[in-house]
Every structure is written in C-alpha cells, then in structure tokens.
Amino acid sequence: NQKTAEDITARVRHYAGDQGVPRKELGQHSMCSPSTVTRAVQCLTAPNRREVVDVGNGRFVISDLGQKRIRENLAGKLLID
C-alpha cells in the first residue's frame, strides 16, 4: 500500500535518529497491523527503493534516497500525529 509506505517513511524520519527506530515502534506509531508494517518495511528496504535501511536488531533509519523522496514528494505530509 503506497499510503502506508509513505507513512512509514515519514515516521522513520521523525522517530529514528542515529540509533534507528524499532519495527515494533513503527507499528505503534502508524497504528497499522503488524503485517501491514512488515509489508511496508519490506517495500521500503527493497533494492529498487532503499528508502529505509535496516541497521540491525530490528531497527530502521531513513536513507539518503528516503530523505530525498520526502523532500520531493511528501513535504506536505510531514506533520505527524
């Protein structure tokens, strides 16, 4: 789901910092089912997107490509509840 992937990208950017944000926390903040979060993270970490990077221990950070996509396409959606 494109909307979920965009939401997860924005939330990783907002919450991750240098240490990364745990996948479980992404689910809590996005209020999506675990399977929906998993699909979105798989999409965002796929070799053809690489917008989010798994830094180990189930933690994720936003990549340069993810930052670029946010600036170009999601700037109006950056207000997070």
Side-chain angles (χ1 to χ4, degrees):
N1 180 320
Q2 183 64 28
K3 182 185 179 311
T4 303
E6 289 176 354
D7 182 62
I8 295 293
T9 301
R11 289 179 192 282
V12 169
R13 180 182 184 273
H14 183 75
Y15 293 108
D18 293 333
Q19 301 298 314
V21 63
R23 189 220 157 282
K24 182 177 180 179
E25 195 172 314
L26 286 174
Q28 291 169 344
H29 291 298
S30 65
M31 295 180 271
C32 296
S33 70
S35 62
T36 299
V37 173
T38 297
R39 283 192 304 273
V41 168
Q42 287 171 340
C43 174
L44 293 166
T45 58
N48 63 330
R49 288 240 349 226
R50 298 185 326 262
E51 293 177 26
V52 172
V53 178
D54 184 346
V55 293
N57 295 326
R59 297 173 96 58
F60 299 89
V61 296
I62 192 141
S63 69
D64 292 342
L65 290 172
Q67 293 280 8
K68 179 182 176 192
R69 184 166 190 280
I70 286 173
R71 282 191 309 273
E72 293 176 354
N73 301 323
L74 304 177
K77 299 178 184 179
L78 287 179
L79 296 176
I80 299 177
D81 302 329

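The structure presented is a predicted model; accordingly, all values stated were derived computationally and were not measured.
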K.L.:
Answer whether the closest heavy-atom distance between the side chains of V37 and K24 falls below 4.5 Å.
P.N.:
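They are not in side-chain contact.
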K.L.:
If every non-hydrogen atom of Q19 is compared with every non-hydrogen atom of V55, which pair is closest and at what distance?
P.N.:
O-CG2, 4.1 Å
K.L.:
Are the side chains of E51 and C43 in contact, using a 4.5 Å heavy-atom criterion?
P.N.:
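Side chain of C43 against side chain of E51, heavy atoms only: no contact under 4.5 Å found.
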K.L.:
Could you give the distance from CG (L65) to CG (L44), rounded to the nearest 0.5 Å?
P.N.:
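The CG atom of L44 is 11.5 Å from CG of L65, to the nearest 0.5 Å.
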K.L.:
Do you know which two heavy atoms are closest between P22 and R59, and how far apart they sit?
P.N.:
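So the two residues come closest at CG-NH1, 2.9 Å.
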K.L.:
State, yes or no, whether a side-chain contact exists between T45 and F60 at a heavy-atom distance under 4.5 Å.
P.N.:
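Counting from C-beta outward, T45 and F60 do come under 4.5 Å.
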K.L.:
Are T38 and Q42 close enough that some pair of their side-chain heavy atoms sits under 4.5 Å apart?
P.N.:
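They are in side-chain contact.
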K.L.:
Compare every heavy atom of R49 with every heavy atom of R69, then report the nearest pair and how far apart it is.
P.N.:
CZ-NH2, 3.9 Å
K.L.:
Whether the side chain of S63 engages the backbone of R50 through a donor-acceptor N/O pair (distance < 3.5 Å, no angle test) should be reported.
P.N.:
yes
